[in-house]
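First the structure, in the form of structure tokens, and then the observations on it.
Values below: all heavy atoms of this structure, side chains included; hydrogens, waters and symmetry mates excluded. In what follows, chains carry the letters A, B, and so on, assigned in the order in which the sequence lines appear, proteins first and then strands, with residues in each chain numbered from 1.
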Amino acid sequence: DAKTTQPNSMESNEEEPVHLPCNHSTISGTDYIHWYRQLPSQGPEYVIHGLTSNVNNRMASLAIAEDRKSSTLILHRATLRDAAVYYCILMGGGADGLTFGKGTHLIIQP
Amino acid sequence: DAGVIQSPRHEVTEMGQEVTLRCKPISGHNSLFWYRQTMMRGLELLIYFNNNVPIDDSGMPEDRFSAKMPNASFSTLKIQPSEPRDSAVYFCASSRNRQGNTEAFFGQGTRLTVV
């Protein structure tokens, strides 16, 4: 069963902000929200994670809804190098491993 | 640290042969994950270890697949006998622990082709 739901693809223009949505209505209280991305011909790469509060790092920002049933990854100024598949994943402390869904294929137009 | 190191980067083998993929996790990381990626099925979690012990191997497709972690710095994924449908990119990842508040780091993958 898919724990998260993401759009299959999104398109944005270079140097504009990108908001990637993720729904996770069955999230439990101990689940962290993780985002990874996979550039062409590379392994997945960690982007950001959070539990309840919004998070910022050098790569992106993570906005988490108050009920935690959805979140948004924000790339503040997209570049062509941000074109990748972005995965939203729930990770708790139980027996579940890090399970990937189909992700969102982000296309950046010059 | 050099990151998660996988070997070989590419492997071409004939159907029926044994294939062994290797992974060296980041030093100090206690959790290790093996994945398989194909166009049709995406990224599939095959098995993961915590403190060298397999926690969940429900993703291992068949008895032809086996994984070991003899110590904290080395893991292998073996396919015996290999079949053409095993052709895929296999990734290894490690994290400090399996709690949700730590990130995972991935290797560059092994591209396996079974002919």
Using 0.5 Å steps for rounding, measure from the OG atom of B:S95 to the NE2 atom of A:H34. 8.5 Å
I'd like to know which of B:N101, B:N97, B:N50 tops the heavy-atom pair count under 4.5 Å against chain A. B:N101
Just checking B:R96: does its CZ atom have more than 12 heavy atoms from other residues, nucleotides or ligands closer to it than 6.0 angstrom? no
B:N71 CG: over 12 foreign heavy atoms closer than 6.0 Å: yes
Please assess A:L98 against B:Y35 for the test side-chain contact (heavy atoms from CB on, under 4.5 Å), listing each intermediate value before the final yes or no. CA-CA 10 Å; A:L98 195 61; B:Y35 293 87; 3.0 Å; yes
Please tell me whether B:I47 and A:F100 are part of a single hydrophobic cluster in this structure, the criterion being side-chain heavy atoms less than 4.5 Å apart. no
Treating Ile, Leu, Val, Met, Phe, Trp and Tyr as nodes and any side-chain heavy-atom pair under 4.5 angstrom as an edge, say whether B:L32 and B:V4 lie in one connected cluster. no
Grouping I, L, V, M, F, W and Y whenever their side-chain heavy atoms are under 4.5 Å apart, do B:I79 and B:W34 come out in a common cluster? yes
Filtered by a 4.5 Å non-hydrogen cutoff, the part of residues 75-83 of chain A contacting chain B is none
Under a 4.5 Å side-chain heavy-atom rule over Ile, Leu, Val, Met, Phe, Trp and Tyr, are B:L45 and B:L77 clustered together? no
Linked, directly or transitively: A:L39 and A:I107 (ILVMFWY side chains, under 4.5 Å): no
At a 4.5 Å cut-off on heavy atoms, which part of B:S58 comes close to chain A: side chain, backbone, both, or neither? neither
Partners passing salt bridge (Lys or Arg N to Asp or Glu O under 4.0 Å) against B:E44 (at least two apart in sequence or in another chain): B:R36, B:R41
Over all heavy atoms of both residues, which pair between A:Q38 and B:L43 is shortest? Give the atoms and the distance, please. OE1-CD1, 4.0 Å
Residues 43-72 of chain A: residues contacting chain B (heavy atom under 4.5 Å, by number): A:G43, A:P44, A:Y46, A:H49
For residues 12-25 of chain B, which residue pairs pass the salt bridge (charged side-chain N to carboxylate O under 4.0 Å, His left out) check, not counting sequence neighbours? B:E18-B:K78
To check you understand the geometry: which heavy-atom pair defines the closest contact between B:F91 and A:Q42, and what is its length? CZ-O, 3.8 Å
